[in-house]
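See structure below.
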There are 2 protein chains.
Amino acid sequence: MPIKVKDLKKKLHERQYKLTPQREIILQIFINNADKHLSAEDVYSLVKRESPDIGMATVYRTIDLLNELEVLQKMDFGDGCSRYEISGDSTAHHHHHLICLNCGLVREFDDDLLETLENVISRKSNFQILDHQVKFYGYCQECQNKLSR
Amino acid sequence: MPIKVKDLKKKLHERQYKLTPQREIILQIFINNADKHLSAEDVYSLVKRESPDIGMATVYRTIDLLNELEVLQKMDFGDGCSRYEISGDSTAHHHHHLICLNCGLVREFDDDLLETLENVISRKSNFQILDHQVKFYGYCQECQNKLSR
DNA sequence: CTGCTTGCAAACCATTTGCAAGGTC
DNA sequence: GACCTTGCAAATGGTTTGCAAGCAG
């Protein structure tokens, strides 16, 4: 259940921010690519198609803003740049990724075991856990086949 | 059971690399700070005390080398630079961190539940999982107290 | 109109690289 | 002596910032 332009407008208003065409386009791009992990560069080249005059700085500033408004989730796959995807429902966590060490494929997964784990660790460590980020590194099915030949 | 200088010499030899004073000092620094998460900058300023002539590039190159030799573990806490700590026993995973969103404290923890989780996910997803990195974000005990006042 | 936003260019900062001099084996 | 290493300085590449012009409310 991702955010809509209307919701963004409201969120912006609450903090005396304005809804500009640039912000709207960038939000739309994240909505249209909800399954991807876009970098600032990715967003820039996508926006450029509709708004050739946009500046890279605006892309960065807008992404930062959307990140602060919790519209986006920041993530890092160790490829030298931050990547973002649109947040889904605020009740769930979304940071579980399987990363293939051979082809770089990033696949998502959900698993309730993580919630259990979080509770156990929270109790053991006296840490009040709000969020987590989990990455598994290995080989995807396809690369397993390739590499075993 | 961390690595010793002797072990490093052997590892280097196997790949026709040489044991230089700089490499030895940097290894020693990681051994002496096994409980910390040092950045290249951190290492640089520590080395500088004993070897004022060392160059930043050497620090980076040595860290990369030690990382390739699996003497160091690379990690990222989203603070703009890579951090490293010396690897312990090669039979275990070591990437579990609790990060305090208020004071930035990074605390480590171990938990066997992660191994279970890894197996379950591996089966479910057809991914051959070799390693994982898990970060929990929240508030440490101390900050919980501070913030609730 | 007010003041948040934008595009541009320059600045930043962690990290990398080219190269000639230096050191290890 | 061969060749890996080093220190230096310059280059790189993602990201940020200063600023005057531009727009949303």
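Every chain is numbered from 1, with letters handed out A, B, ... down the list of sequences.
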Could you pick out which residue, A:Tyr17 or B:Tyr44, lies toward the 5' side of DNA chain D when each is mapped onto its nearest nucleotide? B:Tyr44

Measure from the side-chain heavy atoms of A:Tyr60 and tell me the nearest of D:dT15, C:dT15, D:dC8. D:dT15

Ignoring backbone atoms, test whether A:Thr20 places a side-chain nitrogen or oxygen under 4.0 Å from the OP1 or OP2 oxygen of C:dT6. yes

Selection from C:dT15, C:dC8, C:dT5 that lies nearest to any side-chain heavy atom of A:Ala57: C:dC8

Please determine whether the number of non-hydrogen atoms from other residues, nucleotides or ligands lying under 6.0 Å from atom NZ of A:Lys11 exceeds 12. yes

Expressed in angstrom and rounded to an integer, what is the separation of A:Asp79 atom CG from D:dT12 atom C1'? 16 Å

Using the test salt bridge (charged side-chain N to carboxylate O under 4.0 Å, His left out), find all partners of A:Asp79 that sit at least two apart in sequence or belong to another chain. A:Arg83

Report yes or no: is there a donor-acceptor pair, N or O only, under 3.5 Å between the side chain of A:Lys18 and the base of D:dC23? no

Smallest heavy-atom separation, B:Gln128 atom then A:Gln144 atom, equals N-NE2, 3.0 Å

Suppose we call two aromatic rings close when their centres sit under 6.0 Å apart. Are A:Phe136 and A:Phe109 close by that rule? yes

Are A:Phe77 and A:His37 an aromatic pair by the rule of ring centers under 6.0 Å? yes

Heavy atoms under 4.0 Å, any strand shown: does B:Asp64 hit a base, just sugar-phosphate, or nothing? sugar-phosphate

Please give, in whole Å, the distance from D:dT16 P to A:Glu68 CD? 11 Å

Please tell me which of B:Glu41 and A:Gly55 maps to the more 5' nucleotide of DNA chain C, matching each residue to the nucleotide holding its nearest heavy atom. A:Gly55

Round to a whole Å and report the spacing from CD of B:Glu14 to C1' of D:dC4. 17 Å

On the nucleotide D:dT6, are OP1 or OP2 found under 4.0 Å from the side-chain N or O atoms that B:Arg23 carries? yes

Taking the minimum atom-to-atom distance to the side chain of A:Thr58, which one of D:dT15, D:dT5, C:dG7 wins? C:dG7

Between C:dT15 (C1') and B:Met56 (CE): distance, integer Å: 8 Å

Would you mind reading off the distance between B:Leu19 atom CG and D:dC3 atom P, rounded to a whole angstrom? 21 Å

B:Ser82 has its side chain closest, among D:dT5, C:dC8, C:dT15, to C:dT15

Using atom CG of A:Asp42 as one end and atom P of D:dT15 as the other, report the distance to the nearest whole Å. 11 Å

Any side-chain N or O of B:Gln22 under 4.0 Å from OP1/OP2 of D:dG7? yes

Around atom NZ of A:Lys48, are there more than 12 heavy atoms from other residues, nucleotides or ligands closer than 6.0 Å? yes

D:dT15, D:dT5, C:dC25: which one has an atom nearest the side-chain heavy atoms of A:Cys81? D:dT15

Look at all strands and tell whether B:Arg61 reaches a base, only sugar-phosphate, or nothing, counting heavy atoms closer than 4.0 Å. base

Would you indicate what B:Ser39 reaches in the nucleic acid, counting non-hydrogen atoms under 4.0 angstrom: base, sugar-phosphate, or nothing? nothing

Rounded to the nearest angstrom, tell me the gap between atom CD1 in B:Ile63 and atom P in D:dT6. 12 Å

Between P on D:dC23 and CG on A:Asp53, what's the gap in Å once rounded to a whole number? 10 Å

